[in-house]
Amino acid sequence: MPELPEVETIRRQLDTVLPGKEIKDVVVFKDKSFGGNSSSLVGKEIERVRRRAKIVEIWFRGWEKLVVIHLKMTGQLVYLADDGMRVVGGHPSADWVADLPNGHTRVVWDFTDGSKLFFNDMRIFGWMKIVDREKYEKERMGVPDVTDKEFDFKYLKLVLSKSGRAVKLVLTDQNKIGGIGNIYANDSLYLAGVSPVRKANSLGDREIRELRKAVVEVILRGIKFGGSSAADEKYVNAFGQKGKYQEHFLVYEKAGQVCKRDGEKIRRGRLGGRSMFYCPKCQN
DNA sequence: TGCCCCCTGCAG
DNA sequence: CTGCAGGGGGCA
């Protein structure tokens with residue numbers, strides 16, 4: 001599902017094609033998927049595309065509002081140039097892109113140059129909404145992204161020391177750290193050699209340092225490989241292509257396979273209603 | 001802090 | 001047909 005690396009991949013791509021585009025029309029197929037008055041977007045020119053944690057932000061020239069988008073688990077943001085299959089700069093699209101809109105398309109933006117932006121979301125958990133610039137900027141204060149320099153040893157230590165919950169639950173708590181979801185939390189904990197069920201406040205300084213390093217490394221690897229499109233996942237990037245990080249999973253979806261560090265079998269368990277993958281031997 | 005729920009598709 | 005998948009909001 002879209003976590004920071006997937007959302008960042010989409011953001012980077014959209015930021016190469018959307019700035020300068022003017023919105024001609026916004027078609028909302030599913031009311032639940034769009035918050036605000038969609039017609040107020042007509043005539044607006046996109047300035048840039050940014051990201052905060054797992055949220056895509058679309059900023060407009062000279063407008064006091066912006067559009068924020070959360071893909072939740074099955075959301076997709078797909079850009080389609082007016083020439084259909086040939087998208088941009090030699091990025092070939094998956095075949096299905098040519099068939100957009102499809103049965104899961106919830107919102108479509110039509111630009112004056114004929115290109116389009118599709119918001120697809122099978123499970124309708126995601127959303128796209130218009131928010132007030134000032135109010136939004138005030139709200140997003142205080143919680144650093146994994147990619148922010150504020151996410152340092154001191155910060156992670158502070159956050160972990162304040163919680164008696166399992167460390168994996170704290171890592172994925174978006175009110176404490178922005179951007180980590182289930183896949184990257186599992187892989188980070190494995191890389192750091194820390195058990196996902198360890199009480200957050202029981203980690204020592206050395207472990208916290210290792211964990212911070214591992215989280216950053218795993219997230220950056222995720223971005224490098226364009227995010228992950230695991231077995232039953234819907235993630236595709238803004239040009240309709242799958243990610244490649246699933247080819248580099250450390251433990252996620254690897255239950256039964258052998259741990260490269262010690263030969264023990266990777267296990268699957270459940271924690272906080274989510275799957276957890278870990279090596280019972282080298283994660284303590 | 002923990003648990004239910006939003007929703008759809010698919011495996012069993 | 002039931003159960004599961006899961007980000008995160010809401011509510012005990």
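Throughout, protein chains are lettered first and strands after them, A, B, ... in sequence-line order, and every chain is numbered starting at 1. Values below: every heavy atom of this structure, side chains too, minus hydrogens, waters and symmetry copies.
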Range on DNA chain B touched by chain A, heavy atoms, distance below 4.0 Å: B:dT1 to B:dG9
A:L18 CG to A:W109 CH2 distance, which is reported to the nearest 0.5 Å: 8.0 Å
Value rounded to 0.5 Å, distance of NZ in A:K21 from CG in A:L14: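 It comes to 11.0 Å.
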Side-chain H-bond candidate by donor/acceptor type, A:K254 with A:Y190, under 3.5 Å: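 There is no such pair between these side chains.
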Distance-only donor-acceptor check, side chains A:N120 and A:T105, under 3.5 Å: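 There is such a pair between these side chains.
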Bending between helix ends of the helix from B:dT1-C:dA12 to B:dG12-C:dC1 [5 pairs per end, 10° resolution]: 50°
Can you sort out the partners of [X] under side chain to side chain contact (heavy atoms under 4.5 Å, CB included), two or more places apart, ordered by chain and number?
| X | answer |
| --- | --- |
| A:T147 | A:L4, A:R51, A:D145, A:I219 |
| A:F125 | A:K72, A:M73, A:R123 |
| A:V170 | A:V159, A:L160, A:S163, A:R165, A:K176, A:A200 |

Contact residues, residues 157-166 of chain A to DNA chain B [heavy atom, < 4.0 Å]: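 A:S163, A:G164, A:R165, in order of number.
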Hydrophobic cluster of A:L271, others only, ordered by chain and residue number, side-chain cut-off 4.5 Å: A:L169, A:V197, A:M276, A:Y278
Other cluster members, A:I124 - Ile/Leu/Val/Met/Phe/Trp/Tyr, side-chain contacts below 4.5 Å: none
Base-contact (B) and sugar-phosphate-only (S) positions in nucleotides 6-12 of chain C, heavy-atom cut-off under 4.0 Å, - elsewhere: BBB----
Pairwise salt bridge (Lys or Arg N to Asp or Glu O under 4.0 Å) hits with a residue in residues 255-272 of chain A, at least two apart: none
Salt bridge (Lys or Arg N to Asp or Glu O under 4.0 Å) partners of residues 186-205 of chain A, not counting sequence neighbours, each pair once: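 Sorted result for residues 186-205 of chain A: A:K157-A:D205, A:R198-A:E207.
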Pairing residues for A:F225 by the ring-ring contact (aromatic ring centres under 6.0 Å, His included) criterion, not counting sequence neighbours: A:H248
